Amino acid sequence: MPELPEVEIAARNLRRWASGRRLADVEAEPSARRIFRPLAPRAFAEALRGSRIREVRRRGKHLLVTLEAGRAPLGLLSHLGMTGKWLRRGVGEPPPSHSRARLHLDDGVVLHYRDPRLFGRLRVVPGARFDDLPELAALGPDPLEDGIDAKRLAAMLGSTRRPVKVALLDQRILPGVGNIHASEALFIAGIDPRRGARSLSPAEVRRLGRAVLRSIRRTLRKEYGPEVAYVEEPGAENPFRVYAREGERCPRCRAGRLRRVVQAQRSTFFCPRCQG
DNA sequence: ACCCGTGTTCGCTG
DNA sequence: TCAGCGAACACGGG
């Protein structure tokens, strides 16, 4: 379940696996209609078949794949939702469970889009005109690619009445930040997640911006590999400082116990002693 | 059986 | 008019 680091890793993987490759065949599961909307699964597969992968980019949690169909550019927009993942399978390797789409490359490799919960999206973008898509236009600058402008962040946080943790989930502010890194960044910055976004001082906003980047980069370093290890998978260690650690000792002050509260129907984890 | 979930969208409300 | 809120989506795992 991906936030910015997992999507960044997916982008790097797709680049490595598929740049310059032709899609010899494309399959889209008929039962997974909602992933391919507004196209029918069959129309989705046909739109991509035979095209060649030229570029893979990331913007927030979106993957932007540029292909070439004959002479014409063609776009593929991929959002991983809660449980989406791109997986590579070599010739003869068995498919993963819940494979919803398959890109058969001209070297025999198959790229599977696996998504048990079906919250992800795969959309064909005619002419690769990503700039015309309202959902991308609404996103703020990408924290990793463009950096974080503290002035802009302060303006965005200053114009909402929501708690700062809830505001951080708004993809118009810092796209790519999700429920984990919102909690992690607020912990690193020492800011109480329940405070109103507009109550932060300029110094706190700067600290928060830096903390978001630190949290994202740290996860990126930890998780970079051919298959991302997700925290909820059996056997995986929880790599986070506070996320999903309710009741544990605070890793900073060693005295407080980490708490869990629910905000906007999502869990927030924090140390009541360190985050004032 | 029941609860929980790294995300987004839609419709209602004040 | 619009920010903010809660439900809905769908399925697996504890």
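Just so it is clear: chains get the letters A, B, ... in the order the sequence lines come, proteins before strands, and each one is counted from 1. What you see is a predicted model; the values in this text were computed from it and never measured.
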Would you say that [X] contacts [Y] through its side chain, given a criterion of any heavy-atom pair below 4.5 Å between the two side chains?
X: Arg194(A); Y: Gln263(A); result: yes
X: Lys61(A); Y: Leu4(A); result: no
X: Phe270(A); Y: Arg260(A); result: no

Could you give the distance separating [M] and [N] at their [atom1] atoms, to the nearest angstrom?
N: dA7(C); M: dC3(B); atom1: P; value: 14 Å
N: dT8(B); M: dG13(C); atom1: P; value: 23 Å
N: dT1(C); M: dT9(B); atom1: P; value: 23 Å

Inset, instruction - Please evaluate the base of dG5(B) for a donor-acceptor partner in the side chain of Arg117(A) within a cut-off of under 3.5 Å? - result: yes
Can you tell me if the side-chain N/O atoms of [X] get under 4.0 Å from OP1 or OP2 in [N]?
X: Arg121(A); N: dT8(B); answer: no
X: His98(A); N: dG12(C); answer: yes
X: Thr83(A); N: dG5(B); answer: no

Nucleotide [N], atom [atom2] - distance to [atom1] of [X] in whole Å:
X: Arg260(A); N: dT6(B); atom1: CZ; atom2: C1'; result: 14 Å
X: Gln171(A); N: dT8(B); atom1: CD; atom2: C1'; result: 9 Å
X: Arg34(A); N: dC10(B); atom1: CZ; atom2: P; result: 11 Å
X: Leu169(A); N: dG5(B); atom1: CG; atom2: P; result: 13 Å
X: Phe36(A); N: dC9(C); atom1: CZ; atom2: C1'; result: 16 Å
X: Glu135(A); N: dG7(B); atom1: CD; atom2: C1'; result: 14 Å
X: Arg123(A); N: dT9(B); atom1: CZ; atom2: C1'; result: 13 Å
X: Leu4(A); N: dG7(B); atom1: CG; atom2: C1'; result: 14 Å

Side chain of [X], heavy atoms from C-beta onward: which of [options] has the nearest atom to it?
X: His79(A); options: dG12(C), dC4(B), dG7(B); answer: dG7(B)
X: Gln265(A); options: dC4(B), dA7(C), dG12(C); answer: dA7(C)
X: Glu6(A); options: dA10(C), dT6(B), dC11(C); answer: dT6(B)
X: Leu118(A); options: dT6(B), dG5(B), dA10(C); answer: dA10(C)

Legend entry - Sugar-phosphate, base or nothing in reach of Arg161(A), heavy atoms under 4.0 Å: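 Touches sugar-phosphate only.
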Inset, instruction - Mind checking His181(A) for me? I need base, sugar-phosphate or nothing, with any heavy atom below 4.0 Å counting as a touch. - result: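 Answer is nothing: His181(A) stays at 4.0 Å or more from every strand.
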Legend entry - Phe119(A) ring over dC9(C) six-membered base ring, under 5.5 Å and 30°: yes
Inset, instruction - State whether the side chain of Glu184(A) and the backbone N or O of Arg241(A) hold a donor-acceptor pair below 3.5 Å, judged by distance alone. - result: yes
Inset, instruction - Is it possible for you to say whether Ile216(A) and Met156(A) belong to one hydrophobic cluster, with membership spreading through side-chain heavy-atom contacts below 4.5 Å? - result: yes
Legend entry - Derivation and outcome, salt bridge (Lys or Arg N to Asp or Glu O under 4.0 Å), residues Glu68(A) and Arg54(A): CA-CA 7 Å; Glu68(A) 202 173 68; Arg54(A) 287 305 183 199; 3.2 Å; yes
Inset, instruction - Kindly express the pairing pattern of DNA chain B in dot-bracket notation, using | wherever a base pairs with another strand and counting only Watson-Crick or G-U pairs under 3.5 Å. - result: .||||.||||||||
Legend entry - Of Ile148(A), Val164(A), Leu157(A), Ile191(A), the residue whose pairing with Val205(A) passes side chain to side chain contact (heavy atoms under 4.5 Å, CB included):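 When Ile148(A), Val164(A), Leu157(A), Ile191(A) are each tested with Val205(A), the side chain to side chain contact (heavy atoms under 4.5 Å, CB included) holds only for Leu157(A).
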Legend entry - Ser51(A) and Arg22(A) side chains, donor-acceptor separation under 3.5 Å: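 The answer is no; no qualifying pair exists.
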